[in-house]
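Below: one structure, written as structure tokens.
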Amino acid sequence: MKPVRVRFAPSPTGALHIGGVRTALYNYLLARKHGGTMILRIEDTDQTRYVPGAEEYILDSLKWAGIAIDEGVGAGGPHAPYRQSERKEIYKKYALQLVDEGKAYYAFDTEEELEAMRTRLKNEASSTQQYGVATRMGMRNSLTLSANEVADKLSQGVPYVIRLRVPADQTIELNDLIRGNVSVHSSQIDDKVLMKSDGMPTYHLANVVDDYLMQISHVIRGEEWLPSAPLHVLLYQSFGWQESMPEFAHLPLLLKPDGNGKLSKRDADQMGFPIFPLNWKDPNTQELAKGFRESGYLPEALLNFLAFLGWNPGTEQELFNVAQLIEAFTIERIGKAGAKFDIHKAQWFNQQYLRAKSNKELSKYLLTSLGELGIDCEVDKAEKICQAMRDRITFPNDIFAQGKFFFYSPSVFDEQVVQKKWNAESITVLSAYRDELKKLETITAENAKITLDAVCAKLNIGVGKILPALRLAITGQGSGPDLMQTIEIIEPKEAAARLDFAIQNIAIKK
RNA sequence: GGCCCGUUCGUCUAGGGGUUAGGACAUCAGAUUUUCAUUCUGGUAACAGGGGUUCGAUUCCCCUACGGGCUACCA
């Protein structure tokens, strides 16, 4: 078997889509599994769509995700350059070779002429409007023009493109690793432009030439490329490279959560979840799009989630770290159908990975949040807070966001709880409890409980009955982590002060 | 319109000629937690439809429907 060499080949036209991250991941997993090489190639042959910062964004995203590049842009390698715009001359040479061999030709048609051809065919109710076998002899190209005319135009600098001369009657077969045999008749393929009038190659030419020169073993890419895959096969045949043609694997698409169509940025905006790995500020509109990183997703969790969108190991295990993914991954187990993007599942994965962390690791997140706000906190206390919060969080930021009361005494109180649980009885008990707490400098959760039990027993009231009111007074909320632990963390004096404040300020509703 | 690809619980999916069609997320209920969450247990819930082939089809074949992709001098 030839060495596994795979490439991720995005074009720098904006932020990297999450589907692109999955494609990169699958390439990466295959490379790692077989001790192969992961290549990053930047496909920037469309100069009109170039977006500043996009390439750097792609690099940063992959780095954050932990998808390491062995060769290519940012890493170098024996086939440099890896940016297609810098390989212009290479493609030209190959395009010309095809022209020389009669497998491609020059075309001088203007945009208007092409448009006229298409509308004419449309009016004739022709099933296709392509530039191909049926139409090319009616156009202005080196097949219809004399050699002299062509030479004249070329020397005069008349704009031209180079088109592939697709054979008339041939069935092109392609064995896709995911979809099996796909065959297309050559009459369905038009004489695709190989080289544009600005001298740049189109995707089709550049991709085939580069994959050949870079000795790519597997082309793993999105399903949107499936229709043009037969054209690529034709190109390999035209060059006489069929022996070293890579294997193809066309990945199912990532779909909108609510059903119809490819997942897009719009969906993400509407439903409030990210679609890009990192924050992205559009350099033209200045619009900021949220990233998974900034939204609190851990890279390992995202990768695990993404890996399972379209692939599964065939076992019932779902939590896989990257090493395990590499071990378990096979192209054969990639599914065929598109997968709807369900952010709930992503959140669940995030929760799982977050919970697997130690309190010490979690406390770093908390300390960071606090540091940004200029709040001081002992490491010990931070770890205790994390212990209290760890089972209720989905994102690192939740520790602080849902545990603000560890640092601020509440000034507003949950109305519903006030309504239902705040009454004369609770004030009596809470006052007594406050008096006990006031006597102490520190208290353990255990003793806080014992003390509360004693107070309740003395007043002859069930603990469960006043717990909600106590929580309300301490945190302002109706729910939260273990209350006794909370009192231990904020310390009895502070707890007593909060009880004081609550007793004086919360009005009894009924 | 043409071409290509697809279709198992709401979602991600396992399975595959004879299964009580399995798991996970979500959801619901119960238990525990004298609060909330966690945790545990249980429940609801799927083979798009029609024809074949077959003793038997969710599984294989065909058609239809539906969904998606492509149809540029974009990738």
Side-chain angles (χ1 to χ4, degrees), chain A residues 9-13 43-46 48-49 84 107 109 111 114 118 122 125-131 159-163 174 176 178-179 182-185 187-190 192-204 206-207 221-230 250 252-253 255-262 305 308-319 333 335-349 355 388-393 402 417 421 449 452-453 456 462-472 475 477-483:
Chain A
S11 60
T13 53
E43 311 223 325
D44 57 349
T45 53
D46 185 354
T48 64
R49 293 214 306 163
Q84 290 185 330
D109 316 275
E111 221 170 288
L114 291 172
R118 290 189 189 114
K122 208 164 192 171
S126 159
S127 65
T128 60
Q129 293 101 247
Q130 60 189 21
Y131 198 124
Y160 67 92
V161 299
I162 293 177
R163 283 181 184 271
L174 145 82
D176 186 275
I178 294 172
R179 282 149 222 287
V182 177
S183 71
V184 173
H185 192 84
S187 64
Q188 298 302 326
I189 302 174
D190 56 357
K192 276 274 179 311
V193 170
L194 264 21
M195 209 182 79
K196 303 183 264 188
S197 54
D198 65 357
M200 278 289 187
T202 56
Y203 170 83
H204 304 104
N207 139 276
R221 76 233 295 191
E223 192 186 352
E224 68 267 30
W225 293 111
L226 194 52
S228 54
H250 288 93
L253 262 20
L255 274 20
K256 296 175 189 295
D258 56 358
N260 308 320
K262 257 208 289 200
F305 167 66
F308 272 71
L309 242 32
W311 171 86
N312 79 86
T315 64
E316 288 185 354
Q317 184 186 344
E318 296 213 67
L319 259 18
R333 294 207 63 90
K336 301 179 207 287
K340 283 179 195 162
F341 193 85
D342 180 13
I343 199 67
H344 287 295
K345 194 83 180 231
Q347 287 169 353
W348 178 78
F349 274 109
R355 278 184 200 176
M389 298 297 290
R390 60 177 305 128
D391 284 337
R392 22 193 343 119
I393 55 171
Q402 291 178 27
V417 185
K421 306 286 184 178
K449 182 65 169 32
L452 180 63
D453 283 343
C456 288
V463 176
K465 236 182 140 188
I466 52 93
L467 235 20
L470 178 57
R471 178 185 297 285
L472 181 76
T475 70
Q477 303 171 3
S479 69
D482 185 82
L483 241 195

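Below, chain A is the first sequence line, B the second, and so on; all start at residue 1. Hydrogens, waters and symmetry mates are skipped; everything else that's a heavy atom, side chains included, is used.
A:Ala107 pairs by the side chain to side chain contact (heavy atoms under 4.5 Å, CB included) definition with A:Tyr105, A:Asp109, A:Tyr131, A:Asn141, A:Val161, A:Arg163, not counting sequence neighbours. Annotation: salt bridge (Lys or Arg N to Asp or Glu O under 4.0 Å) contacts of A:Lys196 (sequence neighbours excluded): none. Under the side chain to side chain contact (heavy atoms under 4.5 Å, CB included) criterion, A:Pro230 pairs with A:Ile172, A:Leu174, A:Val184, A:Ile189, sequence neighbours left out. Taking A:Asp46 as the reference, A:Arg49 meet the salt bridge (Lys or Arg N to Asp or Glu O under 4.0 Å) condition, with sequence neighbours excluded. Checked against salt bridge (Lys or Arg N to Asp or Glu O under 4.0 Å), A:Asp190 has the following partners two or more places apart in sequence or in another chain: A:Lys192. Taking the side chain to side chain donor-acceptor pair (under 3.5 Å) definition, one finds that A:Asp44 meets it with A:Ser85, sequence neighbours left out. Annotation: ring pair (Phe, Tyr, Trp, His ring centres under 6.0 Å) contacts of A:Phe308 (sequence neighbours excluded): A:Trp311, A:Phe320.
Counting to the nearest Å, the C1' atom of B:C12 and the CD atom of A:Glu318 are 8 Å from each other. In this structure, the NZ atom of A:Lys345 is 8 Å from the C1' atom of B:U13, given to the nearest Å. With rounding to whole Å, A:Phe349 atom CZ is found 9 Å from B:C12 atom C1'. The distance from atom CZ of A:Phe341 to atom P of B:G68 is 19 Å, rounded to the nearest whole Å. Rounded to a whole Å, the CG atom of A:Asp176 is 12 Å from the C1' atom of B:C4. Between the CG atom of A:Leu255 and the C1' atom of B:C5 there is a distance of 12 Å, rounded to whole Å. One interatomic measurement links the two molecules: CD of A:Glu316 to P of B:G15, which rounds to 11 Å at whole-angstrom precision. Rounded to whole angstrom, the span from the NZ atom of A:Lys256 across to the P atom of B:C12 amounts to 15 Å.
We find the CG-CZ distance between A:Asp482 and A:Arg471 to be 7.5 Å, quoted to the nearest 0.5 Å. Remark: A:Asn312 CG to A:Arg333 CZ distance equals 5.0 Å, nearest 0.5 Å.
A distance-only check finds no donor-acceptor pair linking the side chain of A:Glu318 to the backbone of A:Phe349 [under 3.5 Å]. When atom types are taken as modelled, the side chain of A:Thr202 and the backbone of A:Val193 share a donor-acceptor pair closer than 3.5 angstrom.
When each of A:Ile178 and A:Arg333 is assigned the nucleotide of RNA chain B bearing its nearest heavy atom, the one mapping closer to the 5' terminus is A:Ile178. Judged by closest nucleotide on RNA chain B, A:Leu309 is the one of A:Trp348 and A:Leu309 placed further toward the 5' end.
Taking only side-chain nitrogens and oxygens, A:Arg179 never comes nearer than 4.0 Å to OP1 or OP2 of B:G68. Side-chain nitrogen and oxygen atoms of A:Asn312 include none within less than 4.0 Å of the OP1 or OP2 phosphate oxygen of B:U13.
In this structure, B:C55 forms a base pair with B:G18, meeting either the Watson-Crick or the G-U wobble geometry with both donor-acceptor distances under 3.5 Å. Both distances falling under 3.5 Å, in either a Watson-Crick or a G-U wobble arrangement, occur for no nucleotide opposite B:C36. Across all strands shown, B:C73 remains unpaired; no Watson-Crick or G-U wobble contact has both distances below 3.5 Å. Base pairing of B:U27 is made with B:G43, judged by Watson-Crick or G-U wobble geometry with both donor-acceptor distances under 3.5 Å. Within the shown strands, B:U7 is the pairing partner of B:A65 under the Watson-Crick or G-U definition, both distances less than 3.5 Å.
Taking atom P in both B:U58 and B:G52, the straight-line distance is 13 Å, to the nearest Å. B:G69 and B:A24: their C1' atoms are spaced 29 Å apart (whole Å). Remark: the separation of the C1' atoms in B:A26 and B:G10 is 8 Å, to the nearest Å. For the P atom pair drawn from B:U64 and B:C4, the interatomic distance equals 13 Å after rounding to whole Å. Comparing B:A45 with B:C40, their P atoms are spaced 24 Å from each other, to the whole Å. B:G23 and B:A46 have their P atoms separated by 14 Å, with the value rounded to a whole Å. The P atoms of B:A48 and B:A57 are separated by 16 Å, rounded to the nearest whole Å. Taking atom C1' on both nucleotides, B:G30 is separated from B:A14 by 29 Å, rounded to a whole Å.
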Practice item. Before giving the answer on side chain to side chain contact (heavy atoms under 4.5 Å, CB included), spell out for A:Lys340 and A:Lys256 the whole-Å C-alpha distance, their side-chain angles and the decisive distance to 0.1 Å. Key: CA-CA 6 Å; A:Lys340 283 179 195 162; A:Lys256 296 175 189 295; over 6 Å; no

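Each of B:A14, B:U11, B:A24 was ranked by its minimum atom distance to the side chain of A:Lys340; first place goes to B:U11. In this structure, of B:U7, B:C5, B:C25, it is B:C5 that holds the atom nearest to the side chain of A:Val182.
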Check your understanding: Can you give one letter per nucleotide of nucleotides 69-75 of chain B, going 5' to 3': B for a protein heavy atom under 4.0 Å from the base, S for sugar-phosphate only, - for none?
Key -> BS--BBB

Exercise for review: Give the B/S/- string for nucleotides 29-49 of chain B, one per nucleotide from 5' to 3', where a protein heavy atom under 4.0 Å of the base yields B, of only the sugar-phosphate yields S, and otherwise -.
Suggested key: -----BBBBSS----------

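Heavy atoms of A:Gly222 sit nowhere under 4.0 angstrom from any nucleic acid atom. When heavy atoms are screened at a 4.0 angstrom cut-off, A:Lys336 is found touching the sugar-phosphate backbone but no base atom. At the heavy-atom level, A:Arg221 lies nowhere under 4.0 Å from the strands shown.
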